[in-house]
Amino acid sequence: MAQKVSIPKGTRDFSPLEMARRNYIFETIRDVYKLYGFQPIETPSMELLSTLMGKYGEEGDKLLFKILNSGDFAKKANPEHWNTKNINKLTSQIAEKGLRYDLTVPFARYVVQNRNDITFPFKRFQIQPVWRADRPQKGRYREFMQCDADVIGSNALVHEAELVMIIDEVFKRLGINVTVKLNSRKLLTAIAELVGKPELITAITVSIDKLDKIGIDKVREELIQAGLTSDDVEKVIPIIELKGSNAEKLNKLVQLFESNEAAVEGKKEIDTVLAYLKNYDMTNDVEFDLALARGLNYYTGCIIEVKANDAQMGSICGGGRYDDLTGIFGLKDVSGVGISFGADRIYDVLEQLDKFPETTLQGPTVMLVNFGEKEMEYAFKAAIALRKAGIAAEVYPDQVKMKKQMNYANAKNFPYVIMVGENEINDNTYTLKNMTSGEQSTSSLNDVINQLSN
RNA sequence: GUGGUUGUAGCUCAGUUGGUUAGAGCACUGGAUUGUGGUUCCAGGGGUCGUGGGUUCAAUUCCCAUCAUCCACCCCA
């Protein structure tokens with residue numbers, strides 16, 4: 001009996017149709033990135049664990065796929081660690097590589113390693129898969145594509161504004177309505193300082209980030225659990241619950257925070273970015289949202305997150321400014337800012353909303369029907385001429401029933417089929433059939449090429 | 001890591017209050033239709049009912065375990 005085959009949890013195969021649709025997403029993002037002056041790079045699938053570990057928080061370390069060393073790796077492992085189940089020490093002895101968890105940290109490594117050859121500010125984009133040993137669920141895979149654009153070596157807030165414009169343009173082209181949420185990590189720092197517990201910044205941000213999902217009461221509970229007093233909580237809640245337009249929220253912010261230094265800086269960041277955006281005709285909404293936090297703890301300035309308005313899905317794009325990511329690798333005072341589109345989630349949203357364009361369904365342009373030996377030769381030559389003219393052509397390889405050949409053309413979504421039999425050979429003509437309308441006409445090869453070239 | 005869901009044909013799923021030949025739709029193959037597909041009709045192939053154990057005269061069905069799956073939490077794209 002046949003062996004039951006499958007692929008690892010959280011991974012997927014992609015059919016020709018799915019590839020066409022994925023490429024449509026990648027091309028759209030790539031085109032917009034290029035339009036804003038970004039250039040592509042690629043980095044290896046695996047990085048040294050020393051590069052990856054500790055950059056994504058404790059949770060992140062757990063979610064890294066680690067690659068077992070080659071050869072007799074067991075020899076190098078200290079048996080004591082086996083016995084005491086000291087996983088951390090043990091992994092460092094038997095695994096020195098891991099699959100990349102995102103594209104930002106490898107990029108920071110790339111910049112530090114190639115700093116002498118890079119002209120700053122450096123704008124790069126990168127579209128590659130990343131891996132996380134997460135438990136899969138809706139919109140969550142263990143292998144998925146990220147489409148990153150980052151600027152490194154410039155503090156200017158114009159980049160934040162342009163990144164928002166890129167997001168707007170990409171989703172406009174894809175036909176997805178989104179809300180771009182904007183906040184600053186500095187305002188979150190200010191909140192932690194306001195209650196006099198700066199060390200709780202991570203726990204606080206994690207809790208308030210859930211406001212949308214779990215509601216204000218649960219957030220209160222979580223904040224208390226995180227170590228805030230109820231007095232503290234009553235100070236925090238009005239801030240994250242601020243309502244009104246972006247300008248109104250920003251104004252009220254001043255009163256709530258008074259002259260907290262971090263708050264002033266954070267507000268200025270948001271002000272500046274929104275001022276830049278006034279020059280641009282946004283298709284989607286930009287919302288200043290104090291409850292936006294984002295998990296990755298390397299962010300220091302503006303943070304950005306995008307949600308689809310018409311689909312149930314986690315964030316489909318996110319990013320922010322990180323002031324010290326290259327510092328970890330020994331290159332100080334280089335600020336970076338970037339965004340990342342989650343292509344797989346965007347795919348799921350497009351599918352849910354049925355927004356893929358028709359053209360992603362289309363197969364090669366024309367199939368030539370195979371009627372017999374003589375006809376095959378005639379058709380084969382025609383296919384060569386068609387390809388020379390830049391038209392994707394294919395001759396059906398076997399002499400089987402017409403019905404079967406037409407079924408094949410149908411299944412493969414050929415928009416056109418060419419039929420050549422005895423009559424056509426005698427007259428040196430070709431019968432071209434439009435598969436959507438069913439119309440067909442007989443003419444010379446040049447005419448056929450002209451018709452298909454449009 | 002925690003909680004729940006579901007495992008029956010290639011795919012999507014019925015079904016059996018435990019009983020001897022396990023069903024449908026889609027897909028596939030052949031025919032109606034030997035140069036015309038996407039519509040229709042007929043026929044056919046394909047399943048040790050996830051795996052292991054238990055209860056029973058008898059288990060695909062009940063019980064236990066295990067694996068896989070999907071969903072939710074944690075966290076995140």
Side-chain angles (χ1 to χ4, degrees), chain A residues 1-2 4-10 15 25 29 56-64 87 100-104 127-148 167 202-203 205-207 209-210 213-214 218 222 293-297 304-308 312-319 338-349 361 363 367-372 375 379 396 399-425 431-440 442:
Chain A
M1 214 41 231
K4 184 119 186 172
V5 292
S6 65
I7 52 175
K9 195 195 302 219
S15 66
I25 296 172
I29 294 170
Y56 311 106
E58 216 174 299
E59 277 305 311
D61 283 354
K62 276 194 240 162
L63 297 181
L64 285 169
I87 300 298
R100 63 166 168 252
Y101 181 90
D102 70 359
L103 300 177
T104 308
I127 299 178
Q128 290 192 276
V130 304
W131 293 267
R132 296 183 190 177
D134 227 344
R135 202 169 278 200
Q137 51 180 279
K138 193 186 180 70
R140 177 180 294 188
Y141 308 98
R142 292 187 139 186
E143 178 183 61
F144 61 97
M145 277 289 189
Q146 286 199 331
C147 313
D148 278 37
I167 291 169
T202 307
T205 53
V206 166
S207 302
D209 194 36
K210 293 183 199 163
K213 210 168 175 181
I214 63 175
K218 293 263 181 182
E222 286 215 8
R294 289 188 64 75
L296 294 179
N297 49 20
I304 302 169
E305 194 162 284
V306 182
K307 292 203 122 195
Q312 198 81 38
M313 183 60 68
S315 81
I316 53 179
C317 177
I339 52 168
S340 179
F341 288 90
D344 299 82
R345 286 186 175 178
I346 292 172
Y347 185 103
D348 291 348
V349 169
L361 264 164
M367 187 197 87
L368 293 100
V369 174
N370 188 342
F371 280 138
E375 291 87 344
Y396 195 88
Q399 288 156 33
V400 297
K401 276 196 200 124
M402 183 72 160
K403 182 183 172 109
K404 189 164 178 178
Q405 300 194 30
M406 293 302 277
N407 266 332
Y408 174 81
N410 221 36
K412 212 168 156 181
N413 278 312
F414 280 95
Y416 295 98
V417 165
I418 289 176
M419 284 169 284
V420 285
E422 223 172 306
N423 296 341
E424 283 87 352
I425 295 181
T431 298
L432 180 69
K433 181 185 174 90
N434 181 322
M435 289 296 277
T436 21
S437 67
E439 286 165 15
Q440 60 187 63
T442 306

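Below, read A as the first sequence line, B as the second, and so on, with proteins coming before strands; counting in each chain starts at 1.
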Please state how far atom CD1 in Ile418(A) lies from atom P in U36(B), giving the value in whole angstrom units.
-> 18 Å
Among all residues two or more places apart in sequence or in another chain, which pass the side chain to side chain donor-acceptor pair (under 3.5 Å) test with Gln405(A)?
-> none
Nucleotide N/O of nucleotides 68-73 of chain B paired with protein N/O under 3.5 Å:
unit_1: C71(B); atom_1: OP1; unit_2: Lys138(A); atom_2: N; d: 3.4
unit_1: C71(B); atom_1: OP2; unit_2: Lys138(A); atom_2: N; d: 3.0
unit_1: A72(B); atom_1: OP2; unit_2: Gln137(A); atom_2: OE1; d: 3.1
unit_1: C73(B); atom_1: OP1; unit_2: Lys213(A); atom_2: NZ; d: 3.3

Given the rule that a pair is Watson-Crick or G-U wobble with both distances under 3.5 Å, how would you write RNA chain B in dot-bracket, using | for pairs to a different strand?
-> ((((.((..((((.....[...)))).(((((.......))))).....(((((..]....))))))).))))....
Heavy atoms under 4.0 Å, any strand shown: does Gln440(A) hit a base, just sugar-phosphate, or nothing?
-> base
So which pairs with a foot in residues 339-349 of chain A pass salt bridge (Lys or Arg N to Asp or Glu O under 4.0 Å), sequence neighbours left out?
-> Arg12(A)-Asp344(A), Arg22(A)-Asp344(A)
Just checking Glu58(A): base, sugar-phosphate only, or nothing, at a heavy-atom cut-off of under 4.0 Å?
-> nothing
Quick one: which of G37(B), A77(B), G35(B) gets closest to the side chain of Lys433(A)?
-> G37(B)
Distances under 3.5 Å between nitrogen or oxygen atoms of protein and nucleotides 28-30 of chain B:
none

Specify the residue among Ile214(A) and Glu305(A) whose closest nucleotide of RNA chain B lies further upstream toward the 5′ end.
-> Ile214(A)
Could I get the full list of side chain to side chain donor-acceptor pair (under 3.5 Å) partners for Thr431(A), not counting sequence neighbours?
-> Glu424(A), Thr442(A)
Separation between the C1' atoms of U60(B) and U2(B), rounded to whole Å = 32 Å
Remember a base hit wins even if backbone is also touched, and classify Gly57(A) as base, sugar-phosphate or nothing at under 4.0 Å, heavy atoms.
-> nothing
